[in-house]
Amino acid sequence: MLTAVRTATMQLVINGSTTPLDLDVLQGLWSDAQYLRLTDSIKQLIEFTDGQLEVLPMPTYKHQAILQLLLVMLHALVRPLGGVESYAPLRLQIRPGKYREPDLLVLLNRTDPRFGNVFWQGADLVMEVVSPDNPTRDTQEKRLDYAEARVPEYWIVDPAEETITVLRLLDAAYAEQGVFQRGDTATSRIVPGLTVVVDTVLDAD
């Protein structure tokens, strides 16, 4: 359930004319197919829960620098295993009727049936960099969502708190494998060899 929904007015081009689209008016009425078609057509991160759209903020340079560093690390470790890593925007289906846009996501086997070109139906590892506009989205709401999707491991990089939280799925909920601070090293139980110095990530440039 969304605790805070960010919406916006978008500009649609119909027969050469620009028409504003007020997303608030349509909240609760969107179908999965309409959401997928909308996000195929615009350059905007939008997540979806049971007919409602949530427009995500534009990422900052620091946010992207951290993601780029982690993506390079994941690429070097995951590809030799026959896996695949990707980054936003790429939709992850939590279940029919709910989609998220993780910052980074990994499947350890590219032939995994959850892999898809339009959206993934699951992941082995998901990472999020906490957005300052609504930290609870990444620290609380998505913690529940990725557990619902049975993602075995979830990393939360929080630049404001200067922590990396590594969560592992136990039954239907996440337990903390560790909350790592400056001077610590965060490790993965899912991706062999994934060992991250917290300072290196937080100081990414």
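The model shown is predicted, which means the values in this text are computed figures rather than measured ones.
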Starting from [Y], can I reach [X] by hopping between I/L/V/M/F/W/Y residues whose side chains sit under 4.5 Å apart?
| X | Y | answer |
| --- | --- | --- |
| Val126 | Val157 | no |
| Val106 | Leu194 | yes |
| Val198 | Val166 | yes |
| Ile190 | Ile156 | no |
| Met127 | Val129 | yes |

What is the distance from atom CG of Asp103 to atom CG of Asp138, rounded to the nearest 0.5 Å?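 Going from the CG atom of Asp103 to the CG atom of Asp138 covers 7.0 Å.
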A side-chain contact here means heavy atoms from C-beta on lying under 4.5 Å apart; do [X] and [Y] qualify?
| X | Y | value |
| --- | --- | --- |
| Leu81 | Leu77 | no |
| Trp120 | Asp112 | no |
| Glu153 | Val191 | no |
| Leu125 | Leu74 | yes |
| Arg137 | Pro57 | yes |
| Met73 | Glu85 | no |

With a 3.5 Å distance limit and no angle check, can you tell me whether [X] reaches the backbone of [Y] through a side-chain donor-acceptor pair?
| X | Y | result |
| --- | --- | --- |
| Gln177 | Thr187 | yes |
| Glu101 | Leu90 | yes |
| Ser131 | Asp133 | no |

Do you know the tightest heavy-atom contact between [X] and [Y]?
| X | Y | answer |
| --- | --- | --- |
| Gln121 | Leu92 | C-CD1, 4.3 Å |
| Arg150 | Ala172 | NH1-CA, 3.3 Å |
| Ala175 | Leu170 | CB-CD1, 3.5 Å |
| Pro159 | Val130 | CD-O, 4.1 Å |
| Ala186 | Phe180 | CB-CD1, 3.6 Å |
| Asp145 | Lys98 | OD1-NZ, 2.9 Å |

Under 4.0 Å between a side-chain nitrogen and a carboxylate oxygen: does that hold for Arg143 and Glu128?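 Salt bridge between Arg143 and Glu128, a charged N being under 4.0 Å from a carboxylate O: no.
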Evaluate the side-chain contact (heavy atoms from CB on, under 4.5 Å) criterion for residues Leu67 and Tyr87: first the C-alpha distance (whole Å), next the side-chain angles of each, then the deciding distance (0.1 Å), finally the verdict. CA-CA 8 Å; Leu67 290 186; Tyr87 53 93; 5.9 Å; no
Can Leu53 and Leu38 be said to form a side-chain contact (heavy atoms from CB on, under 4.5 Å), step by step? CA-CA 10 Å; Leu53 303 179; Leu38 174 68; 3.6 Å; yes
side-chain contact (heavy atoms from CB on, under 4.5 Å) evaluation trace for Leu71 with Leu104: CA-CA 7 Å; Leu71 179 65; Leu104 293 169; 3.9 Å; yes
Determine which pairs satisfy salt bridge (Lys or Arg N to Asp or Glu O under 4.0 Å) with at least one residue from residues 177-205, sequence neighbours left out, and list them in order.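 Sorted result for residues 177-205: Glu162-Arg182, Arg182-Asp199, Arg182-Asp203.
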Under the side-chain contact (heavy atoms from CB on, under 4.5 Å) criterion, do Val151 and Leu169 qualify, and how do the steps go? CA-CA 7 Å; Val151 177; Leu169 192 65; over 6 Å; no
Crowding at [atom1], [X] (>12 non-hydrogen neighbours, <6.0 Å):
| X | atom1 | result |
| --- | --- | --- |
| Gln68 | CD | no |
| Glu161 | CD | no |
| Arg37 | CZ | no |
| Phe119 | CZ | yes |

For Val179, what are the other residues in its hydrophobic cluster, where any two members join if their side-chain heavy atoms are less than 4.5 angstrom apart?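 Its cluster mates, by chain and number: none.
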Identify, with sequence neighbours excluded, every residue that meets side chain to side chain contact (heavy atoms under 4.5 Å, CB included) alongside Arg110.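 Arg79, Val84, Phe115.
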Look at the aromatic rings of Tyr154 and Tyr146 and report parallel, tilted or perpendicular, splitting at 30° and 60°.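 Plane angle over 60°, so perpendicular.
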